[in-house]
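In what follows, a structure is listed as structure tokens, so that the remarks can point back to it.
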Amino acid sequence: MSTHSRRRKISEKQSEESSDDENYVPYIPIKQRKKAQLQNVELRLGRAAALIKEEEEAIKQSTSEGSEASDREDGEDSEEDEEEEETQGVGERSHISLLDQHSELKKKAEAKKETAREKLLKEEERILESVAEKTALMGVAELAKGIQYQEAIKTGWLPPRCIRELSEARHARLRKKMHILVEGHDLPPPIANFKEMKFPKAILNGLKKKGITKPTPIQIQGIPAVLLGRDMIGIAFTGSGKTLVFTLPIIMFSLEQEKRLPFIKGEGPYGLIICPSRELARQTHEIIQYYSQCLADDGFPMLRCGLCIGGVSVKEQLEVIKAGIHILVATTGRLMDMLNKKMITLDVCRYLAMDEADRMIDMGFEEDVRTIFSYFKSQRQTLLFSATMPKKIQNFARSALVKPVTVNVGRAGAASLDVIQEVEYVKQEAKMMYLLECLQKTAPPVLIFAEKKQDVDAIHEYLLLKGVEAVAVHGGKDQEERTRSIDQFKHAKKDVLVATDVASKGLDFPDIQHVINYDMPEDIENYVHRIGRTGRCGKTGIATTFINKTVEESILLDLKHLLIEAKQNCPPFLAGMTSESEKYLDIGGEIGCSYCGGLGHRISDCPKLEALQTKQAQNIGRRDYLANNSADW
Ligand code: AMP
């Protein structure tokens, strides 16, 4: 037998023996078995730790050797660092209890998450920057000459001594109590009653007659800021009393000017208020007329307020303007036209307020705003107000302001908490019929919104056929009919108003019981504006919204999160909706999308931004805001 085969035989024999050995399992008492197991685990852990320590040392050595050649990418470095940290952690495990190890690993996982979150936030900032307007929101002449104002305009108003003597801590407490968030330099003090704002008795009585006795939060902080001459961004939910924040101060400033030097023919306006719709302009004009009359009745000079909106004869408007006006309320289309034709000048205008400003600046409309700005001959006080103000617009708007104060009551774009929001799944073909049933939910007045003019007409016709006292308003109707319909509805002569979004912004209808969204608007901001027509000034209202398969998923997600935020009932079909992007919603920074303000997605998934970019890529040009929306509708 060769040595070779002999060796094989021996090894075969040995392996047979050993397999026999393995098959033999002697009895070991359970206590002993457990002890042996425990020792085994400890041994393994110890060995693992030793192995890892060895590896760790090897890594350390190699990194110190290669430190001169460490021109690697930052990302790689940090990844290795992380790995190193991890191995260190495991190495220490043999000495640390399992509980401590667990909490340590958890901390590390959280730190990792933190960096992922930071990366995402940075990425979002980059997106926001890339879509930001490169040119400041200033007049052409100011831009060309590089004029930049450093200080806010000075006014003759000062807070009363009793307020000035209060500590900053007390102001902070009041703001906290009233849920007022305020940002900016040298913050003006909040003032919790109209008397201390130093309004004349005539105004205080006028307010009282309207049932207004105590200022609302936006007024508490906003009015002192405006009276002090500060530029301001005011963000407050619809129906929160924003209008008085910019109308009362301009009335006071105009009065001061008139007393100093009466306005002569052709002079003025001293203050300009721009609104996104004719109806809102008309309403604001009425408010100014009311308080001016209150003053005149008490022996003050009568202030003249002009109205410059489309659909009304220019001749009539010109007559008022020619007499010399203190204040002008306007929509942009007609205003630009009259400025262009030199029928109006802004030579002595020192005060500019834009209501529902984000809607006007949004989507390429800023060129018109710039054009209007360029007619100003010197520094002005600028105020921008809205219920919805996405960060993109806030940033851009700031370029028009000097040391602005931002007053925020509730999240920008949040829905009023006084509205009970109900969302119902209604099939497209069943909507009209269901509308009648829905009208039974409350007593009139009821507002019905639809996106398309044809739908407004169809609903109006259907309701009339069914004997409902309804009127309708949309951009296709002539001005006279629109004004008549709004008046009839406002004065409770009609029960239902059917309208496009044109009636959704800023219009103040008293005591609307119910807002019905016949369809879901494409922008969540428009939804907020629509439902804000009810639940005004502390009263509760209902908003019913019809949705079905035709509604885009992203807007439904925005709606879902808006309902959750406002602690409303979220129907199961909405609650059950999820998307990839929802995972990132609470990563910090701005809540939801910083571009459009939607809560159901982040800027990286914004459908509005995507649509805009596609449009830009196709070079279609800027949207005809006037035709689509309501700047001068
Ligand atoms: P606005 O948000 O400015 O459109 O105001 C909505 C409604 O609230 C209007 O009917 C105002 O007359 C009313 N209002 C404004 N300020 C107050 C206040 N301080 N107290 C009670 N009602 C107010």
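Just follow the structure's listing: the first ligand is 1, and inside any ligand the first atom is 1.
- Summarising the local packing, CZ of Arg164 is surrounded by more than 12 heavy atoms from other residues, nucleotides or ligands at distances under 6.0 Å.
- An N or O contact shorter than 3.5 Å is missing between Gln283 and ligand 1 by distance.
- In this structure, Asp495 has no salt bridge (charged side-chain N to carboxylate O under 4.0 Å, His left out) partners at least two apart in sequence or on a different chain.
- A cation-pi arrangement, defined by a distance under 6.0 Å to the six-membered ring centre and an angle within 45 degrees of its axis, is absent between Lys403 and Tyr149.
- Heavy atoms of Gln219 found under 4.0 angstrom from ligand 1 belong exclusively to the side chain.
- At least one N or O atom of Lys242, backbone or side chain, sits closer than 3.5 Å to an N or O atom of ligand 1.
- Those atoms of ligand 1 that come under 4.0 Å of a heavy atom in Lys214, given as number and element, are 18 (C), 19 (N), 20 (N).
- In summary, the side chains of Arg350 and Gln381 do not present any donor paired with an acceptor at a separation below 3.5 Å, with no hydrogens or angles considered.
- Contacts of Ala236 with ligand 1, taken as heavy-atom pairs under 4.0 Å, are absent altogether.
- Near Thr243, the atoms of ligand 1 lying under 4.0 angstrom from a non-hydrogen atom of the residue are 1 (P), 3 (O), 4 (O).
- Taking the six-membered ring where the residue is Trp, Tyr351 and Phe253 present perpendicular rings, their angle passing 60° and hence far from 30°.
- Atoms of ligand 1 lying under 4.0 Å from any heavy atom of Gly241, numbered from 1 in the order shown and given with element: 1 (P), 2 (O), 3 (O), 5 (O), 15 (C), 16 (N).
- Taking the ring axis of Phe376 as reference, the NZ or CZ atom of Arg380 stays within 45° of it and closer than 6.0 Å to the ring centre.
- Within ligand 1, the atoms closer than 4.0 Å to a non-hydrogen atom of Ser240 are 2 (O), numbered from 1 in the order shown.
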